Amino acid sequence: MAPSAAQRIVIENCAIATVDAGDTEYASGHLVLAGNRIESVGAGKAPEGLENVVRRIDASGHLATPGLVNTHHHFYQWITRGLATDHNLFDWLVALYPTWARIDEQMTYAAAQGSLAMMARGGVTTAMDHHYVYPHGSGDLSGSIIRAAAGMGVRFTLARGSMDRSEKDGGLPPDFAVETLEDALAATEETVKQHHDASFDAMTQVAVAPCSPFSVSTELMREGAELARRLGVRLHTHGSETVEEEKFCHELFGMGPTDYFESTGWLGEDVWMAHCVHMTDSDIAAFARTKTGVAHCPSSNARLAAGIARVPDMLQAGVPVGLGVDGTASNESGELHTELRNALLINRLGAHREAALNARQALRLGTHGGARVLGRAGQIGSLEPGKLADLVLWKMDTLAHASIVDPVTALVFGAAAPVTASFVNGRQIVENGRLLTVDEDAVAATTRAEAQRLARIAAQA
């Protein structure tokens, strides 16, 4: 808990969805932030006689929720949005890898700023980036991404990715865009040792994240898992995203993706997979048994025509599930709060129809579910005393939402709600829909320039 001498921020008169274990909600309640922790949350006004109160916020007309937690993204894709818009996954990758293979440190930093800014201004307080493209001589790409996240003020997990299966080995990326097995493992270990913070209130963590079965050797998968567990960090990769991937795994390994992952040590409560669209009953049972997590990316899955993930079945089985934006070359909006609505709507097109997900389940996916997937449910993902002060105030009294009585329903089913305030670690980073930590217009200009530079380089190549 925060010390009694900590400076306090008092937030009152708002509806509150705590997303705690009992889904506790208050029609009109208060939150007290003390330093970087939530000190109290409850109905009515804040307790009298609080010391060191530096700010009082009258949040009438607002809904307070935990900050949104993004569990899968590729920041560098911010500067290749709007390309290959009518492709499935494999064709899309083949079309874009030659361009992605030309990124450098300056481009990567700008793209990370753009991706982070779009998410943060829409209520994301914890972001992650699965970066796996490390062209030779491109500079300190991991460091540039971490600097961008620190400057934005968001909590961050870098999933340090890698690829060692190129075109000459039957993979999809160009030969010069991959690392050797030895280089990938060494660079990943160095990134963990240099940047991973295991403390309760860590702002930066690192995971081990070989890209996917069709761009990574079995040796890199197996040794990557061993490395992560030796270093005590989490593991992340893509899994069961498309029917083409499933066919690839059967042809190359003689088994489906989930069995392949289990054979290489890639199931466990320290693992989370992106997408998991094509999962059999036995696959879901294996994930539930091992508590392997899933990053559900509904917009990207639809954009690439990958299919509808069986999220209701996963949740019923006990699989940890969070939400992901995915890279903005397959989800050009780059926002997570719209994924609350898309997850609910797309899953209702599946077998469970109107019973697939409800508004509160969707909100849980984007908050506590994401925190659980990232291994941080004890610190973030719900509004409870002792947890870190990561929260969002959504303005619900405008034309877009005012006539919807239930604020959680309004948030999920309605238009994207304005963010009046977003706090990370007790520090406000958004005010009235604008970022306080960076100049949005400058970021927009820089990302546009870097996208144009990358396009010129790729065209010349």
Side-chain angles (χ1 to χ4, degrees), residues 1-69 120-121 123-127 149-156 197 199-204 363 367-368 371 376-397 407 411 417-437:
M1 295 290 291
S4 58
Q7 291 187 332
R8 289 178 170 82
I9 297 173
V10 176
I11 303 169
E12 294 179 308
N13 305 320
C14 55
I16 301 174
T18 67
V19 200
D20 64 8
D23 272 330
T24 306
E25 296 181 11
Y26 304 101
S28 180
H30 72 272
L31 289 146
V32 178
L33 314 184
N36 70 344
R37 306 290 180 93
I38 299 170
E39 186 173 64
S40 67
V41 55
K45 298 286 188 179
E48 297 289 338
L50 292 173
E51 298 180 352
N52 301 316
V53 175
V54 295
R55 186 179 177 194
R56 288 185 178 272
I57 299 173
D58 179 359
S60 300
H62 289 77
L63 170 67
T65 73
L68 301 184
V69 179
R121 69 199 294 272
V124 168
T125 56
T126 297
M152 201 69 56
V154 300
R155 209 173 296 282
F156 181 58
D197 181 357
S199 66
F200 183 92
D201 55 358
M203 291 295 291
T204 303
L363 178 59
T367 54
H368 185 271
R376 304 204 67 175
Q379 302 122 47
I380 60 173
S382 60
L383 301 179
E384 301 180 74
K387 284 199 167 184
L388 295 168
D390 295 7
L391 65 140
V392 180
L393 294 177
W394 308 91
K395 188 169 178 59
M396 308 306 294
D397 59 0
L411 178 69
V419 174
T420 293
S422 183
F423 292 86
V424 182
N425 218 40
R427 174 196 182 196
Q428 187 172 352
I429 66 166
V430 176
E431 183 172 18
N432 296 324
R434 297 287 292 185
L435 290 161
L436 299 175
T437 50

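From a predicted model like this one, the values you see are computed outputs, not experimental measurements.
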Is it the case that the side chain of [X] and the backbone of [Y] share a donor-acceptor pair, with hydrogens and angles ignored and the cut-off at 3.5 Å?
X      : Y      : value
Asp390 : Asn425 : yes
Ser422 : Val430 : no
Arg37  : Pro385 : no
Arg376 : Phe200 : yes
Lys387 : Ala377 : yes
Glu12  : Ala46  : yes

Inset, instruction - Could you tell me the separation between the CD atom of Glu25 and the OG1 atom of Thr18, rounded to the nearest 0.5 Å? - result: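 That separation rounds to 7.0 Å.
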
Grab the two heavy atoms, one from [X] and one from [Y], that are nearest each other, plus how far apart they are.
X      : Y      : answer
Leu31  : Ala64  : CD1-CB, 3.8 Å
Met203 : Val424 : CE-CG1, 4.0 Å
Pro407 : Ala15  : CG-CB, 3.9 Å
Leu363 : Thr367 : O-OG1, 2.7 Å
Ala43  : His30  : O-ND1, 3.4 Å
Val19  : Ser382 : O-CB, 3.3 Å

Pairwise side-chain contact, [X] with [Y], heavy-atom cut-off 4.5 Å (strictly under):
X      : Y      : value
Thr125 : Ile380 : no
Ile11  : Phe423 : yes
Val154 : Val124 : no

Legend entry - Intermediate values then yes/no, side chain to side chain contact (heavy atoms under 4.5 Å, CB included), Thr126 and Phe156: CA-CA 6 Å; Thr126 297; Phe156 181 58; over 6 Å; no

Inset, instruction - Taking only Lys NZ, Arg NE, NH1 and NH2, and the carboxylate oxygens of Asp or Glu, determine whether Arg56 and Asp58 approach each other closer than 4.0 Å. - result: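 Between Asp58 and Arg56 there is no salt bridge, as every charged N stays at least 4.0 Å from the carboxylate O atoms.
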
Inset, instruction - Could you walk me through whether Leu68 and Val392 pass the side chain to side chain contact (heavy atoms under 4.5 Å, CB included) test, one step at a time? - result: CA-CA 8 Å; Leu68 301 184; Val392 180; 5.6 Å; no

Inset, instruction - With Thr420 as reference, evaluate Glu431, Lys395, His62 under the side chain to side chain donor-acceptor pair (under 3.5 Å) test and give the passing residue. - result: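 With Thr420 as partner, side chain to side chain donor-acceptor pair (under 3.5 Å) holds for just one option, His62.
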
Inset, instruction - Can you spot which of Leu391, Leu411, Leu393 makes a side chain to side chain contact (heavy atoms under 4.5 Å, CB included) with Thr65? - result: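 Testing each of Leu391, Leu411, Leu393 against Thr65, the sole residue satisfying side chain to side chain contact (heavy atoms under 4.5 Å, CB included) is Leu411.
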
Inset, instruction - Could you check Leu388 against Arg155 for side chain to side chain contact (heavy atoms under 4.5 Å, CB included), going step by step and ending with a plain yes or no? - result: CA-CA 11 Å; Leu388 295 168; Arg155 209 173 296 282; 3.6 Å; yes

Legend entry - Val32 and Ile38: CA distance, side-chain angles, deciding distance, side chain to side chain contact (heavy atoms under 4.5 Å, CB included) verdict: CA-CA 6 Å; Val32 178; Ile38 299 170; over 6 Å; no

Legend entry - No-hydrogen, no-angle side-chain donor-acceptor test under 3.5 Å, Arg55 and Gln428: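 Judged by distance alone, the side chains do pair up.
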
